[in-house]
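Comments concern the structure below.
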Number of protein chains: 2
Amino acid sequence: MTPLVQSFVGHFGEMGSRWGINRTVGQIYALIFVSPTALCADEIADTLACSRSNVSMGLKELQSWRLVKMKHVAGDRREFFEAPTDAWEVFRTLAEERRRREMEPTLTMLRSALLEEPGSEADRIAQERMRSMHDLIDLLSTWFDDVQRLDAQTLAKLMRMGSKVQKLLELTGQLKSGSKE
Amino acid sequence: MTPLVQSFVGHFGEMGSRWGINRTVGQIYALIFVSPTALCADEIADTLACSRSNVSMGLKELQSWRLVKMKHVAGDRREFFEAPTDAWEVFRTLAEERRRREMEPTLTMLRSALLEEPGSEADRIAQERMRSMHDLIDLLSTWFDDVQRLDAQTLAKLMRMGSKVQKLLELTGQLKSGSKE
DNA sequence: TCGAAGTTTCAGTAATTACTGAAATTTGAT
DNA sequence: ATCAAATTTCAGTAATTACTGAAACTTCGA
């Protein structure tokens, strides 16, 4: 590893816990991400000085996040791994997986809680707050879904507009005056 | 705790680790969020059957995330805690804190890595990928900043439009034809 | 079908993170 | 200033999570 790659890999290792992955998984991803060629598990274990089995587990997790994909090389029985380099694709994948893992279970729980009959005034208030939480998460979730379908260019354009979008919305409101909003 | 509140608190405890907080912190937040009145630390420790000091630590963390705020009651020396109930406000707070904790350190690292002189072809390729990662995170970061300034209503409107935004953008492109995009 | 190369699983251990209770500190009324 | 109520800190311990190495399994060529 060159010093440049080393600092990148090191950072991903340290940030891992904040991002909900462990040190090794972060390092493996970083290493694959900047590697010019696909890497095999042994190379990774060797470079990161950790056990082969740890790499195996880490790769499985990264695949479950769809952050690395396997690649077969003709005439070589080993499995090689590479990371999508299109940053937009990576972002969309991450957003989608996070939605699935971090939001969907909560939505399910909230939906069932909202079906219960409140047994007290405290329950009624609790349910009211759960409803506002549900509605927001639901909205964000649907929105993610929609945005995911936009191509990178459109998204970038949208983002570069930033808060100017507000003015755009006001404009449209005028054009199709009589909107229910 | 009523069964309704219990299942909500329980869920937040379980999801805690996925969200980067621990069980107790998740439970404390959930409890405060649905409580009709502000709670004091002793009540929380009592309800969750955990130590007073654990609650103290948890509250400190939740305050650092700006998810709960302290409230003083006249003639009572204890501190009471309540959670903002406006879901939009909560979402913005979370997005902002996450940006600060999960994205900013990486941006800093990437910026300094991009200033280095690549020492090899591998370094050059690595740096190229780091640049695309940097540019995306930077874009997202700025965008969050902008969007944060929008009021809840505008944001909700924008989200409800979902992917229709694309058509809106195409339309604007036509209006001010000759755009550099 | 055998064996070698490659991969995964898993039980045990190391490292980290969470929690507790006691002691120290802070706060505010008298 | 003093005291008591409230809160925080922190060292020790419990619980959880990460990692390793050995064994089991899989795959493919001969």
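First the proteins, then the strands, lettered A, B, ... as listed; each starts at 1. All values reported here derive from a predicted model rather than from experimental measurement.
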Suppose we screen for ring pair (Phe, Tyr, Trp, His ring centres under 6.0 Å). Which residues come up paired with A/Phe144, at least two apart in sequence or across chains?
none
Ring pair (Phe, Tyr, Trp, His ring centres under 6.0 Å) filter on B/Trp19, not counting sequence neighbours, yields B/Phe12
Got a sec, which pairs hit ring pair (Phe, Tyr, Trp, His ring centres under 6.0 Å) with one end in residues 23-70 of chain A, sequence neighbours left out?
A/Tyr29-A/Phe33
Besides A/Phe80, the hydrophobic cluster formed by Ile, Leu, Val, Met, Phe, Trp and Tyr side chains linked at under 4.5 Å, directly or via other members, contains A/Val73
What residues form a salt bridge (charged side-chain N to carboxylate O under 4.0 Å, His left out) with [X], not counting sequence neighbours?
X	result
A/Glu89	none
B/Arg149	B/Asp145, B/Asp146
A/Glu117	none

Pairs involving residues 78-88 of chain A, ordered by first then second residue, that meet side chain to side chain donor-acceptor pair (under 3.5 Å) (sequence neighbours left out)
A/Asp76-A/Arg78
Expected output is a numbered-order residue list: members of residues 35-48 of chain A with a heavy atom under 4.0 Å from any atom of DNA chain C. What is it?
none
side-chain contact (heavy atoms from CB on, under 4.5 Å) involving B/Thr2 - partner list, sequence neighbours excluded
A/Ser120, A/Asp123, B/Leu4, B/Val5
Might you work through the side chain to side chain contact (heavy atoms under 4.5 Å, CB included) test for B/Leu59 and B/Ile32, ending with a clear yes or no?
CA-CA 10 Å; B/Leu59 286 169; B/Ile32 294 175; 3.8 Å; yes
Protein-to-nucleotide contact annotation, 5' to 3' order, nucleotides 13-26 of chain D [B base; S sugar-phosphate only; - none; under 4.0 Å, heavy atom]
-----SSBB-----
Tell me which residues in residues 62-73 of chain A lie within less than 4.0 Å of DNA chain D, going by non-hydrogen atoms.
none
